[in-house]
Protein chains: 2
Amino acid sequence: MITIKKIAEIVGVSPTTVSNVIHERKNKVSAENYEKVKKALRENNYVSNMGGRILGRHGSKIIGVILNYSRRSEINIISDPFFNQIIGYLEEQIRMNGYFMMLYTSGSVSESLKLTSAWDIEGLVILGALPEDAEKFIQQTQKPIAFIDTYVDEKKINKDYINIGLKDFEGGYDVTNYLIELGHQKIGFCADGNHLSGVDEQRFAGYKQALTEANIKFHNHDFFGLDYHVKQRHDYLVNLVRTRLKDYSGLVFTSDYLAVDAMNIFQDNGIRIPEELSITGFDHNIFSEQCRPKLTTIGQDVRQKAKLTIKYLMREIHQKASGKTNILLDVELVIQNSTVPV
Amino acid sequence: MITIKKIAEIVGVSPTTVSNVIHERKNKVSAENYEKVKKALRENNYVSNMGGRILGRHGSKIIGVILNYSRRSEINIISDPFFNQIIGYLEEQIRMNGYFMMLYTSGSVSESLKLTSAWDIEGLVILGALPEDAEKFIQQTQKPIAFIDTYVDEKKINKDYINIGLKDFEGGYDVTNYLIELGHQKIGFCADGNHLSGVDEQRFAGYKQALTEANIKFHNHDFFGLDYHVKQRHDYLVNLVRTRLKDYSGLVFTSDYLAVDAMNIFQDNGIRIPEELSITGFDHNIFSEQCRPKLTTIGQDVRQKAKLTIKYLMREIHQKASGKTNILLDVELVIQNSTVPV
DNA sequence: CTGTTAGCGCATTCAG
DNA sequence: CTGAATGCGCTAACAG
C-alpha cells in the first residue's frame, strides 16, 4: 500500500506537501510541486488509509445505516421492496457524496451506538425506529442522525435531528376519502399487527378523519391487525372471508405488500375484486403494479426520500446548518383498478 | 470515548494487560487482574476503536459487499427481491461472525479494489460479477474473495477464490423437462437481454439440453431477449401476443420477476394462463407466490447461499483452509399452477 | 505474570 | 511555500 510518506520520498518533498496537494490546498503548494505530486499520486494509485483518518479523528467518511428490527419481523423487512429500494438509493447518495455505507441491523440502540463510536461514524441513518428508540438515539450521541419515517415527539427533544417522512396522515385520509367518494360506507382498515405506531398510526388517523368528516362511525372491529407470520395471516384472512368480510365494501391497507397478499387470498376464496370488494394499498411499489387488478394506492418518491435524507445529513455533518429538520414529503393518490364505485 | 489506556489507568495496570483481557488471553493475566479489568471494561462501556486496529494492520473486521452493476440495470437490482434477500442474509451472517458489512455498488473493478485497500477490508463478497471481472478481481488482490453466482473459468485462474452458486444448468433442464413431460413441444426461452452470460447462460444451456434429449429442435427465434426497460419490454410482449406467441405452448423464463411481469402483460391482452400458455419462473421468490396463477418455478435457498458464502470466506480469512471452492447448490422444481398439460 | 516501547498513516501545528 | 514533529488507539515484541 502506497502512503503519503512514500509519495513524498518519490517526489522529493515532505509529507505535508503531499497532504496539501491531496486536499487541494493550492495556495500552500507551488504550482510545480503540485503537478509533480499529483502525477505521483496518480501513477502510484494512491488511496488514503482510512485507519489513519479515524485514528487522527479526521473523519471516518462512514455513514452508518441502521435497520431497526424491533417492530417488523425479519420476514417482512426482507420481503418489503421499500427497504430494498431505500437502501439502494441511500447507498447511491452516500457514495456520490464521497462517503461509505456501513449497513447494520439491530434491535438495540446501545449496540448501534457502539458501532458508531467504534468506527467514529460521521452520521447515522436510521430506518424503522420507534419514537422511544429515536429519543434514545438522539440523547445518547452527538453525531448527526437522520431518521426515515419516524415520528419523533419534538417537545421531548431539545437536540437537533433530522427526520424525512411522508404525509402519512394525508395519505390515509386521501385514500379513504377516495373510497368514500366512490360511495363506500363500510370501510375497514388493515395493518401490520395490533399495536400501531409511527407511520401506520398516522395513516390510521387519516383514515378515521376521513370517516368522521363523512359522518361514518368507526367501530373498533373495523380495524384488522394482521399477523406478520404468513401462515397465521392467511388463516385469519380465509376465516374473514367465511365470516364478516361481507360486511365491508372496501378495505384500506397500510402497505402494498399486505394489500396484495390479502387480495390474492380473497380471490383464491372466491371474492371478486374489485366488483365485490375494493382494496387500496400504500407505497406504490412494484407489488401494486405486478398484481391484477393493479392496486389503487398512495405513491411516494423513495429516491427523493433517500436524496433528502443524505442531503440534510451532509449539511449537518459539514456544520452548515443545524436545528430540527422534519420534512414530510407529499403523497399522491394513484388510482388503478382495485377500486370501483358501489 | 474510553480507551485501553484509560481503562489501564482506572484499574492500575498496564495497557498490555487490558489488551490481554480483551483478547481473553487468560494465561497471561492473573485471575484477580482479569476480573478487575473485565469489570472496568463493562462499567465504562469500552468499545475498541477500529482506526487503531486498521492502522496497526490488526484486521479491520470489515467485509465488503460489492454489487456489480454492470449487467443488470439499476432498475432491476432495486426491484429484484433476490438482491434484497441476499443482502439481508449476508448482513446477518457477517454480523454474527463479529464483522461489519460495508456495502458498495460499482461497475468498476479498480474502484472496488480501492475501497478494499483504503479500509484494509478483510474479505470481499461480490454479487453479479461477469466472469472477466471476476478474473480481474482475483488477479488484482490478495484478499479472500467470495463470488455469488459467478461462473469463473477455473483454468484461467491459478489463485484461490470462492464461488457459491446454483445448479443453474440443472434448473434450466428440470423446468424445461417438466414442460416436456406435460406434453409441451413448442417451448420458448425468455431472458434478460440478448447477450447471456453466467447464470442465464447455464439455465439456457439446460433448457437446450432438455429439448435435445426430447428430440425437439431449437431454433434461434425460440430465444426471446427482453429489454430491461419496462416500457420497451412491455411493448415487445404486447406485440408478441399479436404475432407469434401463439406458436408456443410454454415459455421458460430466467427469473420469477420476468415471468410474472410477462404473465401480467399476457393476461392483460387476453391470454389465459395456464390454459393457453404455460409459464415457468426461476428463483421461487415472493413474486412467484404473489401472482395468480402461482408460478411453477425453480427454488433456491437464498439464506443457505449467504450462510455458505460467509462460512467459506471466514475460513479463508482465518487461514484455516485454502484452495478453490466452487459450490453449486441444489435446485428444486416447485410445481404450482402456471403450468398444465397440453 | 506485568510493563515499556515502537510503529502503523494521517492531518495539523508550528517553526522556518 | 516547505518541512519536522506530534498524537490519535491498538497490538505485538520484548524486557523485566
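Numbered from 1 within each chain, the chains take letters A, B, ... in sequence-line order.
Between C:dG9 and A:T3, no contact under 4.0 Å exists linking OP1 or OP2 to a side-chain N or O. For C:dG9, the OP1/OP2 oxygens have no side-chain nitrogen or oxygen of A:R53 closer than 4.0 Å. One finds no side-chain N or O of B:H58 lying less than 4.0 angstrom from the OP1 or OP2 phosphate oxygen of C:dC8. Under 4.0 angstrom from either OP1 or OP2 of D:dC1 there lies no side-chain N or O belonging to A:N27. Within the 4.0 Å cut-off from OP1 or OP2 of D:dA12, not a single side-chain nitrogen or oxygen of B:T16 is found. Proximity of B:T17 to the phosphate of C:dG3: a side-chain N or O atom is located under 4.0 Å from OP1 or OP2.
Side-chain contact check for B:T16 and B:S19: no donor-acceptor pair (N or O, by modelled atom type) lies under 3.5 Å. Under 3.5 Å, the side chains of A:R95 and B:T105 contain a donor-acceptor pair of N or O atoms.
One atom, CG of A:N20, and another, P of D:dC1, lie 11 Å apart when rounded to the nearest Å. Per the geometry, CD belonging to B:E24 stands 13 Å off P belonging to D:dT11, to the nearest Å. Distance A:R57 CZ to C:dT13 C1': 17 Å, rounded to the nearest Å. Between B:W119 atom CH2 and C:dG9 atom P there is a gap of 16 Å when expressed in whole angstrom units. Rounded to whole Å, atom P of D:dA13 lies 13 Å from atom NE2 of B:H23. Rounding to whole angstrom units, CG of residue B:N49 and C1' of D:dC8 are separated by 8 Å. Distance, B:I54 CD1 to C:dG7 C1': 16 Å, rounded to whole Å.
Mapping A:P15 and A:G56 onto DNA chain C by nearest heavy atom places A:G56 at the nucleotide closer to the 5' end. Nearer the 5' end of DNA chain C, as judged by each residue's closest nucleotide, is the contact made by B:V13, out of A:M1 and B:V13.
Across D:dA12, D:dT11, D:dC1, the shortest atom-to-atom separation from the side chain of B:S19 is found for D:dT11. You'll find that the side chain of B:L55 is closest to C:dC8, out of D:dT11, C:dC1, C:dC8.
Closest approach of B:A146 to B:T309, counting heavy atoms only: CB-CG2, 3.7 Å.
Contact annotation for B:Y46: backbone-only contact, meaning every heavy-atom pair under 4.0 Å involves sugar-phosphate atoms and none involves a base.
Of the charged side-chain nitrogens involved, at least one lies within less than 4.0 Å of a carboxylate oxygen, so that B:E92 and B:R303 count as a salt-bridged pair. Ion pairing between a basic and an acidic side chain is recognised when a charged N comes within 4.0 Å of a carboxylate O; B:R53 and B:D120 show no such pairing.
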